[in-house]
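Reading through the structure tokens given below for one structure.
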Amino acid sequence: MRILLPLAITSKKKKTSTTITITTIAITTTTTTISTTTTTTTTADGFRVGFERWPSSEVVAVPGTEVRLPCSTNDTADKISWKFNSHFLHSPGSGPEYTVPEGFQVVAVQGGSELVVRLSESEAQYADQTGLYQCVAWFGPIALTSLPGKLQAAVLRAPEGEVQQEEVQVVEGGAVRVECEVPYSIPDATLTFYRDGTLLDLTNEDNPPVASTSGH
């Protein structure tokens with residue numbers, strides 16, 4: 001994506017230079033309740049059971065950090081299992097001391113379970129940890145599966161090519177276009193524009209600069 005910034009110039013034939021700064025938002029890993037509405041099912045005796053907490057629909061974490069995915073039900077489940085990309089991380093019939101693959105840990109908490117994902121700093125390794133996570137609560141023969149939560153690794157890659165600062169000339173009342181290549185990032189990068197060290201307010205209708213996007 002390319003950001004285009006038209007600038008209105010008020011000084012005649014004045015050389016101007018604009019420094020473009022790309023800022024990113026740091027992502028911290030938190031346990032999130034994505035809904036106050038429970039997903040329920042009904043047992044043979046008419047009792048409604050459901051999830052009170054489950055993995056957030058989208059979680060973005062910094063490589064090298066831990067992510068805690070929650071799972072709890074409105075009634076104590078016989079056991080709780082975890083799925084990763086539709087496959088069980090462990091045998092659903094195993095006991096509380098079951099073994100999970102390296103980089104994962106299941107922690108028993110009040111009312112449910114937490115899956116701790118230790119996201120690797122290596123892209124080759126965390127690629128095998130990102131994806132869809134679900135918890136499965138067992139009530140006797142009934143298995144209740146949560147909605148999937150997607151875990152992604154935070155990524156920021158600088159645009160290709162060298163960064164160059166250019167000077168342009170424009171007559172009074174004219175306009176100049178400043179282009180900025182948007183880097184590939186997860187989540188989307190937040191860009192800010194500065195003129196002579198002053199942050200431009202692109203949300204102010206009375207401010208001449210107006211930002212637009214073009215291409216990907």
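Here the options are Leu115, Val109, Val116, the test is side-chain contact (heavy atoms from CB on, under 4.5 Å), and the partner is Arg68; only Val116 passes. Remark: of the listed residues Val60, Val59, Leu119, Val60 is the sole one forming a side-chain contact (heavy atoms from CB on, under 4.5 Å) with Gln152.
Summarising the geometry of Ser120 relative to Tyr126, their closest heavy-atom pair is O-CD2, 3.2 Å, with the distance given to 0.1 Å. Val117 and Leu69 get closest at one heavy-atom pair: CG2-CD1, 4.3 Å. The two residues Gly50 and Leu144 come nearest to each other via the heavy atoms CA-CD2, 3.6 Å. In this structure, Pro63 and Ala154 approach most closely via the heavy-atom pair CD-O, 3.6 Å. A pairwise comparison of heavy atoms in Ser185 and Ala189 identifies OG-N, 2.8 Å as the closest pair. In terms of heavy-atom proximity, Pro183 sits nearest to Leu156 at CG-CD1, 3.8 Å.
One distance of note links CZ of Phe84 with CG of Asp128; it measures 7.0 Å at 0.5 Å rounding. The distance from atom CZ of Phe193 to atom CG of Leu199, rounded to the nearest 0.5 Å, is 11.0 Å. Between Ser113 atom OG and Arg53 atom CZ the span is 10.0 Å, to the nearest 0.5 Å. Within the model, atoms CZ of Phe139 and OG1 of Thr73 stand 4.0 Å from one another, a figure rounded to the nearest 0.5 Å. To the nearest 0.5 Å, atoms OG1 (Thr145) and CH2 (Trp138) are separated by 7.5 Å.
By the side-chain hydrogen bond (donor to acceptor under 3.5 Å, both in side chains) test, Glu121 is found to be paired with no residue, residues two or more places apart in sequence or in another chain being considered. The side-chain hydrogen bond (donor to acceptor under 3.5 Å, both in side chains) check on Gln105 picks up Arg118, with sequence neighbours excluded.
Using a 4.5 Å cut-off on side-chain heavy atoms (C-beta onward), Gln134 and Ser146 make contact. Between Leu132 and Ser86, every side-chain heavy-atom pair lies at or beyond the 4.5 Å cut-off. Side-chain contact between Cys135 and Phe51: present, with at least one pair of heavy atoms (C-beta onward) separated by less than 4.5 Å.
Classified by interplanar angle (parallel below 30°, tilted 30° to 60°, perpendicular above 60°), the ring pair Tyr133/Phe104 is tilted.
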